[in-house]
Amino acid sequence: MKYVISSTYDEMSIEAAKYVADAIKAKPDIVLGLPTGGTPVGMYKELVRLHKEEGLDFSKVRTFNLDEYLGLDSDHPQSYRYFMETNLFSHVNIKKENIHFLSGIAEDPNEECLRYEKAIADVGGIDLMILGIGTNGHIGFNEPANCLQANSHLVALAQSTIEANARFFEKKEDVPTRAVTMGVGSILRSKEIILLASGKSKQDAIYGTTNGVVTLDLPASLLQLHRDVTLFLDEEAAAKIKK
Ligand code: F6R
């Protein structure tokens, strides 16, 4: 595992965006795996700036988002698709047909997950997967459990995740309790993975991602089995591993 530790969230976001921009320049038709959530907002903002001010070209870039809430249509303001439009897609020259998402309103979510895995395989897999991490160590919506699903699947969200995500909704009861998500295998099959984490609340999860122990109690610990992972952290998120 490699580490890029920055003193602030803003610096971390710029470092991560620079890394992604370099990857796009090296392979203009790169296949990216993308997260939503609070953490990547600064990175997306910087990628938009790099597009607008420095001509970073998204015209051939292909994307697969990690997850989507079940029951939310793509134009629902709290859907992850809507988040991506607002934070990235509508500000850069990415082609609509190159954006891929698990649908939250598919009639048969299991079929939808199979379709998604096939779509990823059809483009030759994900080149660069970008991840956030939950305070409980989840990646995508792969929550701590006795067993984990390798491929994209339907999942019930952990209570702690519902509580953490309630900040984006009017009230906690509005947070969907289920989602469709890439599995840990879909993530680990990516050629390269970067993970972003910021703030004290992520210290323990980052420690568990790097301490040499692989456990399903902390799904991100499986990243230790991958040969090309870089963590982009701010000082607070890195505090425990620096000790
Ligand atoms: C979102 C996702 C989640 C988040 C995680 C951290 O697409 O896959 O695993 O990355 O919940 O969320 P934030 O960044 O809001 O702390």
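Order of appearance sets the numbers: ligands from 1, and atoms from 1 within every ligand. Small disclaimer: the values here were computed from a predicted structure and weren't measured.
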Which atom pairs, one a donor and one an acceptor, fall under 3.5 Å between side chains of residues 14-29 and the rest of the protein, sequence neighbours left out?
from : atom 1 : to   : atom 2 : distance (Å)
Y19  : OH     : E192 : OE2    : 2.3
K27  : NZ     : D127 : OD1    : 3.3
K27  : NZ     : D127 : OD2    : 3.0

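- Ring orientation note: the planes of Y69 and F169 are nearly perpendicular, at an angle over 60° on the 30°/60° scale.
- Shown in contact with L66 at under 4.0 Å from a heavy atom are these atoms of ligand 1, numbered in order with element: 8 (O).
- Annotation: P35 places no N or O atom under 3.5 Å from an N or O atom of ligand 1; distance criterion only.
- Contact check for K118 versus R115: no side-chain heavy atoms found under the 4.5 Å cut-off.
- Residue nearest to atom 6 (C) of ligand 1, selected from T39, T36, I133: I133 (by heavy-atom distance).
- At a 3.5 angstrom cut-off on N or O pairs, G140 counts as close to ligand 1.
- Scanning all heavy atoms of the two residues, the minimum distance from F83 to P35 falls at CE2-O, 4.5 Å.
- The N/O atoms of Y80, backbone and side chain alike, include none that comes under 3.5 Å of an N/O atom in ligand 1.
- Contacts between R167 and ligand 1 below 4.0 angstrom, taking non-hydrogen atoms only, involve the side chain exclusively.
- For the pair N165 and ligand 1, the shortest N or O to N or O distance does not fall below 3.5 Å.
- For atom 2 (C) of ligand 1, the nearest non-hydrogen atom of the protein is D67 OD2, 3.3 Å.
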Which donor-acceptor pairs under 3.5 Å do the side chains of residues 211-218 make with protein atoms, sequence neighbours left out?
from : atom 1 : to   : atom 2 : distance (Å)
N211 : OD1    : V213 : N      : 3.1
T215 : OG1    : D217 : N      : 3.0

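- Among K202, H138, M182, the residue whose heavy atom lies closest to atom 5 (C) of ligand 1 is H138.
- For the pair M182 and H153, the tightest heavy-atom approach, listed with the atom from each and the gap, is O-CE1, 4.0 Å.
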